[in-house]
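Note sheet for the following structure.
In this chain, numbering begins with 1 at the start of the sequence shown. Just so you know, these numbers use all the heavy atoms, side chains as well, and skip hydrogens, waters and symmetry mates. All values derive from a computational prediction rather than experimental measurement.
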Amino acid sequence: MPDRTRQAGIISLAEFFRFFIKTLIGILLARILNQEYYGSYRQLFLVYTSFSALLLLGVPQSLLFFLPKAQDETEQKQIIPRTLNLISLLAIVFSLSLLGFRVQLALFFNNPQLTNLLLIYAIYPLFLFISQLYSSVMLGLRKAESAAKFTIFAIVCDAVLIMGTALIFRKLEYIVTAVIIAAFLQWVYVHLHLRAYKLGWLFDATGLKQQLSYSLPLGLSSIIGILSIQLDKFVISGFFTPAQFAVFSVGAMELPFIGILTNSVNSVILPAISSQNDPAAGIDIYRASIRKNALIIFPLCLFSIIYAEQIITFLYGQSYLEASLYFRIYLLSLFLRI
């Protein structure tokens with residue numbers, strides 16, 4: 001248990017650092033860009049977050065199950081390149097889909113400028129799909145420190161490039177280009193650190209079938225989870241302007257760092273539960289994680305409900321005050337999600 005707690009702590013600290021920098025980026029962009037452009041920026045990531053869950057099919061999460069169960073390093077070197085090849089193909093499909101449907105997406109979002117922005121942004125999945133896989137590989141190999149180092153590297157790239165570009169040029173097209181360059185640097189990092197696992201474009205049909213049989217239920221649950229979180233944002237984007245969506249998207253969250261905490265804990269306990277032969281031991285691990293999460297989440301939730309207006313205006317400015325209403329409503333769901 002102490003080792004699992006330490007690993008969860010390492011991942012949580014790295015993810016909290018990511019959250020802090022991502023929040024700074026969001027605050028800076030909200031204050032530099034007008035609400036229409038900031039809404040467009042948020043819509044690009046709405047598209048990526050929603051449809052990447054559909055295409056990834058739970059494959060990265062499956063590594064948290066299969067890698068700890070691998071008999072030896074040889075079996076691990078079969079699982080990892082097979083997964084890398086599959087994810088690469090899915091990334092190509094996603095990028096081509098963004099290019100092919102960019103006009104339809106712009107029409108759906110009532111946002112004509114998305115047509116040109118998606119020409120740049122379509123490259124993003126080619127780099128980030130592989131980068132997203134790296135943390136799962138490291139956690140599956142029980143190398144929490146390596147996963148944390150990559151998280152820090154990735155967010156530093158985002159911070160320097162995105163914030164620097166925003167401060168210098170203050171143009172949305174340049175900011176989106178900086179997002180792509182940051183993703184490319186992360187892709188290079190991952191390929192350098194996983195070069196020992198590259199075995200060409202060969203697929204193990206039996207192993208792939210076994211992996212997909214495990215990952216597809218995970219993927220479907222992820223899709224349902226993402227839709228439950230993002231569906232409202234698609235509705236608002238479809239019926240209102242990008243500026244109105246910007247205000248709504250700022251408030252329509254349930255404290256992002258809570259998700260970071262629970263996801264970090266889940267990333268550690270899933271391999272731990274997978275390696276247990278006794279179901280009762282796995283249940284004990286799960287229950288302990290719930291208790292520890294609740295001790296942190298409930299007080300933070302109550303504090304944020306009370307001071308919602310002050311939190312929103314301090315972070316995003318007086319022009320986003322209306323978002324505090326949405327913020328309070330979304331915080332209520334945390335009491336059920338624990």
Donor-acceptor pair, distance only, cut-off 3.5 Å: does the side chain of S249 make one with the backbone of A246?
yes

Gap between atom CZ of F45 and atom NZ of K22 - 0.5 Å precision
6.0 Å

For a quick test of reading the model, state the closest non-hydrogen atom pair linking Y320 to Q35 and the distance between them.
OH-CG, 3.5 Å

Given side chains that start at C-beta, do those of L212 and V59 come closer than 4.5 Å, heavy atoms only?
yes

Side-chain (T165) to main-chain (I162) donor-acceptor, under 3.5 angstrom
no

Assigning hydrophobic clusters by single linkage (Ile, Leu, Val, Met, Phe, Trp, Tyr; side-chain heavy-atom cutoff under 4.5 Å), is I168 placed with I120?
no

For the CD atom of Q186 and the CZ atom of F127, what is their distance to the nearest 0.5 Å?
11.0 Å

How long is the gap from NZ on K77 to CD1 on I80, to the nearest 0.5 Å?
9.0 Å

Compare all side-chain heavy atoms of E75 with those of I79 and state whether any distance is below 4.5 angstrom.
yes

Are I290 and N293 close enough that some pair of their side-chain heavy atoms sits under 4.5 Å apart?
no

Examine F169 and V179 and state if one hydrophobic cluster contains both, with Ile, Leu, Val, Met, Phe, Trp and Tyr joined whenever side-chain heavy atoms are less than 4.5 Å apart.
no

Do P60 and Q132 come close enough that some side-chain heavy atom pair is under 4.5 Å?
no

If you define the side chain from C-beta out and look only at heavy atoms, does anything of I21 sit under 4.5 Å from D158?
no

So F240 and F245, side chain to side chain contact (heavy atoms under 4.5 Å, CB included) or not? Walk me through it.
CA-CA 7 Å; F240 297 92; F245 171 73; 5.9 Å; no

From Y214 OH over to Q61 CD, what is the distance, rounded to the nearest 0.5 angstrom?
9.0 Å

Can you list the steps and then say if I311 with S324 is a side chain to side chain contact (heavy atoms under 4.5 Å, CB included)?
CA-CA 8 Å; I311 291 171; S324 60; over 6 Å; no

Looking at every non-hydrogen atom in both residues, tell me the closest pair between L63 and P68 and how far apart they are.
O-CD, 3.5 Å

Beyond-backbone contact of N110 with T241, side-chain heavy atoms, under 4.5 angstrom
no

Around atom OH of Y37, are there more than 12 heavy atoms of other residues, nucleotides or ligands at under 6.0 Å?
no

Specify the closest pair of heavy atoms between F327 and M253, including all atoms of both residues, with the distance to one decimal.
CD1-O, 3.6 Å

Closest non-hydrogen atom pair, A183 against L128
CB-CD1, 4.3 Å

For the residue pair F150 and Y189, categorise the inter-ring angle as parallel (less than 30°), tilted (30 to 60°) or perpendicular (more than 60°).
tilted

Side chain to side chain contact (heavy atoms under 4.5 Å, CB included), that's the test. Do Y48 and F94 meet it? Break it down for me.
CA-CA 9 Å; Y48 177 82; F94 192 9; 3.6 Å; yes

If you define the side chain from C-beta out and look only at heavy atoms, does anything of E36 sit under 4.5 Å from Q113?
yes

Give the cluster check for L295 versus I285: same hydrophobic cluster or not, with ILVMFWY residues linked at side-chain heavy-atom distances below 4.5 Å.
no

Heavy atoms, side chains only, cut-off 4.5 Å: are V47 and F109 in contact?
yes

Determine whether Q211 and T83 satisfy the following criterion, side-chain hydrogen bond (donor to acceptor under 3.5 Å, both in side chains), listing intermediate values before the conclusion.
CA-CA 9 Å; Q211 189 172 354; T83 309; 3.0 Å; yes

Within one Ile-Leu-Val-Met-Phe-Trp-Tyr cluster: L44 and V235, side-chain cutoff 4.5 Å
yes

Mark yes or no for whether S95, through its side chain, and I92, through its backbone, hold a donor-acceptor pair below 3.5 Å.
no

Show the nearest heavy-atom pair for residues A70 and Q76, with the distance to one decimal.
CB-CG, 3.6 Å

Do the ring planes of Y307 and F303 sit parallel (below 30°), tilted (30 to 60°) or perpendicular (above 60°)?
tilted

Classify the ring geometry between F108 and F234 as parallel (under 30°), tilted (30 to 60°) or perpendicular (over 60°).
tilted

From L114 CG over to L107 CG, what is the distance, rounded to the nearest 0.5 angstrom?
10.0 Å

If you take all heavy atoms of A166 and L28, which pair is closest and at what distance?
CB-CD2, 4.3 Å

Cluster question for you: counting only ILVMFWY and a side-chain heavy-atom cut-off of under 4.5 Å, with indirect links fine, are I180 and V160 together?
yes

Can V103 and L118 be said to form a side chain to side chain contact (heavy atoms under 4.5 Å, CB included), step by step?
CA-CA 9 Å; V103 175; L118 283 169; over 6 Å; no

Geometric class of the H191/W187 ring pair [parallel <30°, tilted 30-60°, perpendicular >60°]:
tilted

Do other residues, nucleotides or ligands put more than 12 heavy atoms under 6.0 Å from K149 NZ?
no

Rounded to the nearest 0.5 Å, what separation is found between the OG1 atom of T177 and the CG atom of L117?
9.0 Å

Just wondering, more than 12 heavy atoms not from E322 lying within 6.0 Å of its CD?
no

Can you check whether L99's main-chain N or O pairs, donor with acceptor, with R102's side chain at less than 3.5 Å?
yes

Indicate yes or no for a side-chain donor-acceptor contact from N111 to the backbone of A106 under 3.5 Å, with no hydrogens or angles considered.
no

